[in-house]
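Worksheet: one structure, shown below.
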Amino acid sequence: MASALHEKVKSYYSSLETGEDLQTSAACPTPSRLLSPSARAALQQVHPDVCKRFFGCGVVVPEKLKGCSVLDLGSGSGRDCYMLSKLVGEDGHVTGIDMTAELVEASKKYIQYHQEQFGYTKPNTVFVQGYMEKLTEAGIQEKSIDVIVSNCVICLCPDKRAVLREAYKVLKEGGELYFSDMYASKVVPDAFKEDAVLWGEGMAGALYWQELVFLVKELGFSTPHLVAASHIQIYNSELQKKAGDVKYASGTYRIFKLPQHSIQTKALVTYKGTVPDCGDHFALDASYCFKMNVRMDVDAELAAILQYTRFSPDFSVEMTDEPDPSLDSAQQYRLLNPFQLADRLGSCMKQCSKTSSTGACSPKTASGNCG
Ligand SMILES: C[S@@+](CC[C@H](N)C(=O)[O-])C[C@H]1O[C@@H](n2cnc3c(N)ncnc32)[C@H](O)[C@@H]1O
């Protein structure tokens, strides 16, 4: 299975001591304003040695995880897994999968520590060494996972279709893939793949953001919803020169595995205010924000998401007979472009100063109607 590119990535990440060893702003510490109060509290309980080797490029904490079975693709040192271990609770379960033996061993060392931190009678987290392109071979059962997360990993995989196909396979119907990754402003030249640092930093393998929607829809997922984005700065001047006019942004998207034939008509939906940490409003992404007890008109696909995923008890949905005028491509372009969203959120995300900022805006609500 392992290709030369996989081996390059393994040796790149085994050699990094801390997130600061990366050459871009991808692995900034997560600003606390981007986390819900529960996630913030959970992160504070993660062991500092685990956090030190955080190499992700975004925040992968979807709402309403209690009792869920969660899979983290490319779990690295395990920071997100341990944060999620707290959020799923003792009856939930988290599996981290990573191909780099050294990181898997490092993450395993803290299982007991976090079990004790969270006051669980038995651990709810396991780490598996394996490839994301071969999840079932690595022992992950088909249709067994409620939520998959991934933080800055798919850009390192040569075969993104295989990764997403396996993710679809192991998700339960109604399950979600919520992932943060690095995207390019244009198709990246093939020559970038020859450079070990460009590949290791994710710059050579980053998908041109417009390609994502076709890829995921072809595999049966819903249209991606863009949750958050920020521009990625390249610190190293030599790498900057190599990147030329290709720009990079981190984007967090959520996509759903819906039951077949579930997308039918437009609907009027009302949020009940019941998603934990989202009392008076629930922001599904940077564009859709549902206020409690306010009826909203949604397209057929969004109606299906609110009816057939774990959010279904949180909405009342009245189907209409209206035909669904699907989004036109200009509108879709605006909703899905991480560079545009990063521009809009610029004042919040401007400086990855390697310290948490205390700014008051939230990417999820910046463009919606809840802010
Ligand atoms: C940029 S790091 C991110 C790690 C972690 N998600 C975090 O946020 O700290 C990328 C991780 O993905 C893993 N990885 C890359 N390609 C993989 C693949 N095809 N299968 C499994 N793991 C992979 C690497 O070993 C590395 O630990």
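Counting starts at 1 for both ligands and their atoms, following the listed order.
Residue-ligand proximity, Gly56 to ligand 1, at heavy-atom distances under 4.0 Å covers atoms 7 (C), 8 (O), 9 (O). Those atoms of ligand 1 with a heavy atom of Leu103 less than 4.0 angstrom away are 27 (O). Within ligand 1, counting atoms from 1 as listed, the ones closer than 4.0 Å to a heavy atom of Gly130 are 20 (N), 21 (C). Against a heavy-atom cut-off of under 4.0 Å, His6 is close to the following atoms of ligand 1: 19 (N). With ligand atoms numbered from 1 in the order given, ligand 1 contributes 16 (N), 19 (N) to contacts under 4.0 Å with heavy atoms of Cys157. Against a heavy-atom cut-off of under 4.0 Å, Phe54 is close to the following atoms of ligand 1: 7 (C), 8 (O), 9 (O).
Ligand 1 has a nitrogen or oxygen under 3.5 angstrom from a nitrogen or oxygen of Thr100. Distances between N or O atoms of Met99 and those of ligand 1 include at least one value under 3.5 Å. At under 3.5 Å, a nitrogen or oxygen of Gly74, whether backbone or side chain, sits near a nitrogen or oxygen of ligand 1. At under 3.5 Å, a nitrogen or oxygen of Asp98, whether backbone or side chain, sits near a nitrogen or oxygen of ligand 1.
When non-hydrogen atoms are compared, ligand 1 lies under 4.0 Å from the side chain of Glu133 (C-beta onward) but not from its backbone. With a heavy-atom cut-off of 4.0 Å, Arg79 does not touch ligand 1 at all. Both the backbone and the side chain of Asn151 come within contact range of ligand 1, each with a heavy atom under 4.0 Å. Residue contacts with ligand 1 for Phe55 involve both N, CA, C or O and side-chain atoms from C-beta outward (heavy atoms, distance under 4.0 Å).
The aromatic rings of Tyr271 and Phe282 sit tilted, their planes meeting at an angle between 30° and 60°. Phe179 and Tyr253 have tilted rings, their planes meeting at an angle from 30° to 60° on a 0 to 90° scale.
Test Lys66, Lys172, Lys64 against Asp146 for salt bridge (charged side-chain N to carboxylate O under 4.0 Å, His left out) and you get one pass: Lys172.
A side-chain donor-acceptor contact under 3.5 Å links Tyr82 to the backbone of Ser107.
Heavy atoms of other residues, nucleotides or ligands lying less than 6.0 angstrom from CD of Glu7 number more than 12.
Using a cutoff of 4.0 Å between basic side-chain nitrogens and carboxylate oxygens, Glu102 and Arg53 are scored as salt-bridged. A salt bridge links Lys217 and Glu301; the closest N-O separation between the charged side-chain nitrogens and carboxylate oxygens is under 4.0 Å.
Ser75 and Asp98 form no side-chain donor-acceptor contact under 3.5 Å, judged by distance and modelled atom types alone.
Relative to atom 14 (N) of ligand 1, the option among Val153, Val128, Ile97, Val104 with the closest non-hydrogen atom is Val153.
Rounding to the nearest 0.5 angstrom, the gap separating the OH atom in Tyr183 from the CG atom in Leu226 is 9.0 Å.
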